[in-house]
Amino acid sequence: MSNLMGERRKKVSDDGERSLIQAPSNASIDSQGPSSASTGDLERAARKQFQQEVTPAFVYVLAGFSALGGFLFGYDTGVVSGAMLLLKKEMNLSAFWQELLVSSTVGAAALSALAGGYLNGIVGRRKCILLASFIFAGGGVVLSVAPNKEALLVGRLIVGLGLGIASMTVPVYIAECSPSHLRGQLVTVNNLFITGGQFIASIIDGAFSYLRHDGWRYMLGLSVAPAVLQFFGFLFLPESPRWLIQKGQTPQARRVLSQIRGNQNIDEEYESIKNSIEEEEKESGGGGPVIWRMLTYAPARRALIVGCGLQMFQQLSGINTVMYYSATILQMSGVRDDKLAIWLAAATAFTNFLFTLLGVWLVDRVGRRKLTLGSIIGTALSLTVLAIGFLLSSQHAPPVTFHPTHAGTPNSTCTGYRSCDPCMLDPACGFCYRDNGTSLFDSSCIPANQASTGEAAWGRCANTTQLPEGIYWAYNYCPTSYSWIVLFGLILYLASFAPGMGPMPWTVNSEIYPLWARSTGNACSSGVNWIFNVLVSLTFLHVAQYLTYYGAFFLYAGLALLGFIFIYGCLPETKGRRLEEIEALFESQLCTCGASDSDEARQIEYIRPRIELGQLRKRVLEPECGIAYISLQ
Ligand SMILES: O[C@H]1[C@H](O)[C@@H](O)[C@H](O)[C@@H](O)[C@H]1O
């Protein structure tokens with residue numbers, strides 16, 4: 001199929017497009033086309049020459065400071081679980097308040113991401129990032145000095161507002177400042193910083209968990225440092241050249257372009273951005289709110305569906321439940337010490353970080369499409385392994401053999417369960433058992449301590465700091481010999497998800513929208529990401545209660561499979577293209593774009609030669625997703 005498309009594409013080139021395929025540098029344009037060298041050779045040579053132009057270190061500095069936004073995203077979403085362990089004891093938080101403090105941030109992020117689109121268009125990317133870092137710093141201060149739970153809620157809401165704006169602005173800013181051959185890598189670095197932030201948060205959680213009193217203040221307050229650093233860094237960083245051109249601020253735009261392109265000639269890039277902005281504005285019909293123009297203009301609408309779909313499937317693949325649940329998964333597989341489980345959760349976060357690094361390396365080598373497809377198929381498979389592990393564990397769950405009673409709570413539902421499986425699915429209960437190293441006996445289902453589910457409300461497991469020899473307490477899981485399958489599934493999951501499904505939705509969204517729709521498109525897709533994030537994490541325990549754990553993970557595996565079909569059909573390859581060329585990938589019917597993923601399609605650069613031949617303008621439409629323009633002036 002893709003060969004056939006390649007043939008058709010070639011024919012179009014032979015019929016007259018050859019003259020358009022040129023080195024995207026300042027080489028002069030030969031409208032007659034190359035005579036001796038083959039088109040493929042020329043393209044490759046041109047690309048090589050282009051890529052050999054030295055990318056100024058400034059672009060890396062710019063990407064690094066921007067990605068601090070990603071770090072704060074990861075840190076603030078990751079640190080809360082450890083902080084909550086201390087907070088719930090110190091402030092006596094009910095389950096409702098715990099849930100409120102965790103999900104309020106994500107909810108606020110969803111709202112501010114949506115509003116961030118408008119803000120981005122009006123004040124620009126740079127000011128939005130400055131605002132986000134200011135908000136992050138403010139939120140961090142409020143959290144670290146919070147005298148009560150209400151103040152904590154305010155702090156968490158403030159942090160959420162910063163998160164939403166940063167999450168939608170940073171990838172766009174990096175994409176708009178990067179040269180196309182490095183764009184994938186540099187935008188993906190933002191995700192590396194997200195997972196890095198989650199990893200550092202888990203270390204900080206581990207370290208300060210020993211500080212029973214006020215440890216949470218340090219955990220939540222430490223985010224002020226990167227926020228302040230980013231704020232001051234951005235005072236010296238420039239606005240995105242594309243936004244400046246769109247706003248007609250020509251001299252500044254040219255200055256920024258020269259700054260970020262170093263020794264390269266910026267005329268062609270400047271002209272190409274300017275022309276496509278004019279063209280895009282004409283094509284999209286001019287007036288009305290941007291979201292309406294996007295919905296009524298087919299290529300932008302298709303891009304929006306692809307962008308939002310990617311973000312939705314990222315969250316439906318269950319990353320945040322797997323991360324959240326990792327400590328329990330590790331306990332299931334034999335790690336019984338609470339403190340050790342916290343440190344092993346840091347190892348999980350590190351694995352996520354490490355494999356994101358692989359994504360940074362792969363994205364501009366294999367391309368977004370192949371990377372995302374490979375990743376989601378691996379994700380679906382590993383979710384199935386996790387589900388099978390949970391299924392076997394549930395089928396071989398140990399029975400309840402010991403029935404102690406307690407004078408205070410004689411009729412608890414927990415003591416009525418006959419096996420560990422229903423006992424661990426009930427959030428009010430835990431499993432207390434004796435293990436002599438070879439077998440498990442004297443097992444009972446006991447109410448969990450409301451204030452700390454790490455121990456039983458009464459009986460042998462009531463004080464986990466001084467458990468009698470050979471006695472163990474399992475909350476949320478059952479000790480079985482199949483737990484290693486779950487552990488294996490967890491590692492496989494992170495290795496598959498982190499290089500592709502983690503970063504690609506953000507990377508692809510930063511590049512698929514035409515400039516006039518970029519802020520709004522990213523606002524919508526980031527909003528979708530946060531909304532599904534809160535939905536999946538809030539429903540996980542209920543889903544697990546209704547469907548059991550294996551049911552929940554089979555469900556996520558099914559959703560990931562649906563995601564695979566969606567991505568296979570709809571995600572075009574954007575690697576190596578200029579941002580201004582990408583709109584053309586969405587010209588044809590949705591869900592046929594993936595078909596143009598031939599090497600040839602990815603190699604071609606389209607440029608607009610200026611030929612003094614009056615005002616004639618001819619457009620050559622490609623049969624698949626590509627569209628090329630010949631602009632004769
Ligand atoms: O891309 C990120 C990332 O991979 C994180 O690990 C996850 O927590 C976020 O929800 C996601 O958007």
Side-chain angles (χ1 to χ4, degrees), residues 67 69-81 102-103 105-110 113 159-160 163-171 174 184 187-202 205 307-326 345-360 362-363 368 371-372 375-376 378-379 382 490-491 493-510 522 524-538 540 556 559-560 563:
F71 180 86
L72 288 160
F73 171 161
Y75 186 87
D76 280 314
T77 49
V79 81
V80 68
S81 54
V102 176
S103 36
T105 308
V106 185
V159 166
L163 266 179
I165 299 176
S167 67
M168 67 133 309
T169 313
V170 170
I174 302 180
V187 181
T188 309
V189 163
N190 184 48
N191 216 94
L192 186 70
F193 274 53
I194 298 181
T195 51
Q198 287 172 331
F199 169 55
I200 300 290
S202 59
D205 275 357
C308 292
L310 275 175
Q311 292 287 23
M312 178 181 85
F313 282 114
Q314 181 200 63
Q315 291 301 318
L316 289 180
S317 313
I319 174 67
N320 290 309
T321 55
V322 172
M323 293 278 282
Y324 164 79
Y325 202 61
S326 65
T348 314
F350 182 69
T351 317
N352 195 14
F353 168 76
L354 205 67
F355 282 98
T356 313
L357 201 62
L358 180 67
V360 174
L362 286 175
V363 61
R368 300 27 166 175
L371 186 56
T372 317
S375 165
I376 198 159
T379 301
S382 43
L490 173 74
I491 296 168
Y493 178 92
L494 291 170
S496 322
F497 181 92
M501 276 312 280
M504 285 312 106
W506 298 105
T507 305
V508 169
N509 267 287
S510 72
N522 273 279
C524 293
S525 60
S526 310
V528 166
N529 181 289
W530 289 111
I531 290 168
F532 277 88
N533 183 332
V534 79
L535 268 181
V536 173
S537 14
L538 277 185
F540 176 67
Y556 295 140
L559 291 169

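Since the model is a prediction, treat every value here as computed from it, not as a measurement. Read the numbers this way: they start at 1 and go in the same order the structure lists the ligands and their atoms. All values below were derived from every heavy atom in this structure, side-chain atoms included, with hydrogens, water molecules and symmetry-related copies excluded.
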- Query: Can you tell which part of T356 has a heavy atom less than 4.0 Å from ligand 1: side chain, backbone, both or neither?
  - Reply: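 The answer is neither; T356 stays 4.0 Å or more away.
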- [ ] Determine whether the side chain, the backbone, both or neither of N191 has a heavy atom under 4.0 Å from any heavy atom of ligand 1.
- [x]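 Answer for N191: side chain.
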*asked:* Determine whether S525 and N509 satisfy the following criterion, side-chain hydrogen bond (donor to acceptor under 3.5 Å, both in side chains), listing intermediate values before the conclusion.
replied: CA-CA 7 Å; S525 60; N509 267 287; 3.0 Å; yes
- [ ] List the steps and the verdict of side-chain contact (heavy atoms from CB on, under 4.5 Å) for W530 and Q315.
- [x] CA-CA 8 Å; W530 289 111; Q315 291 301 318; over 6 Å; no
Report, in ascending order of atom number, the atoms of ligand 1 lying under 4.0 Å from any heavy atom of [X].
| X | result |
| --- | --- |
| N320 | 7 (C), 8 (O), 10 (O) |
| N529 | 12 (O) |
| N352 | 6 (O) |
| W506 | 1 (O), 2 (C), 12 (O) |
| G502 | 1 (O), 4 (O) |

Report the C-alpha separation of V189 and I174 in whole Å, then their side-chain angles, then the decisive distance to 0.1 Å, and conclude whether the side-chain contact (heavy atoms from CB on, under 4.5 Å) test is met. CA-CA 10 Å; V189 163; I174 302 180; over 6 Å; no
Checking the side chain of S167 only, and the main-chain atoms of G164 only, is there a donor and an acceptor separated by less than 3.5 Å? yes
Requested in this report: May I have the step-by-step check of side-chain contact (heavy atoms from CB on, under 4.5 Å) for I319 and M501, ending in yes or no?
Outcome: CA-CA 9 Å; I319 174 67; M501 276 312 280; over 6 Å; no
N/O of I319 under 3.5 Å from N/O of ligand 1, yes or no?
->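 Min N/O separation from ligand 1 is not below 3.5 Å for I319.
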To the nearest 0.1 Å, how far is atom 12 (O) of ligand 1 from its closest protein heavy atom, and which atom is that?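 Of the protein heavy atoms, Q314 OE1, 2.9 Å lies nearest.
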>> Suppose we measure from atom 6 (O) of ligand 1 to each protein heavy atom; which comes out shortest, and what is that distance?
In response: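 Residue, atom and distance for the closest contact: Q198 OE1, 3.0 Å.
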Closest heavy-atom approach to atom 9 (C) of ligand 1 among Q315, Q311, M323, M501 is made by Q315
Checking P499, P503, S510 against T188 for side-chain contact (heavy atoms from CB on, under 4.5 Å), the one that qualifies is P503
Before giving the answer on side-chain contact (heavy atoms from CB on, under 4.5 Å), spell out for Y493 and T379 the whole-Å C-alpha distance, their side-chain angles and the decisive distance to 0.1 Å. CA-CA 5 Å; Y493 178 92; T379 301; 3.5 Å; yes
Between F353 and F350, how do the two ring planes meet: parallel, tilted or perpendicular, split at 30° and 60°?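 Tilted: the ring planes of F353 and F350 meet at 30° to 60°.
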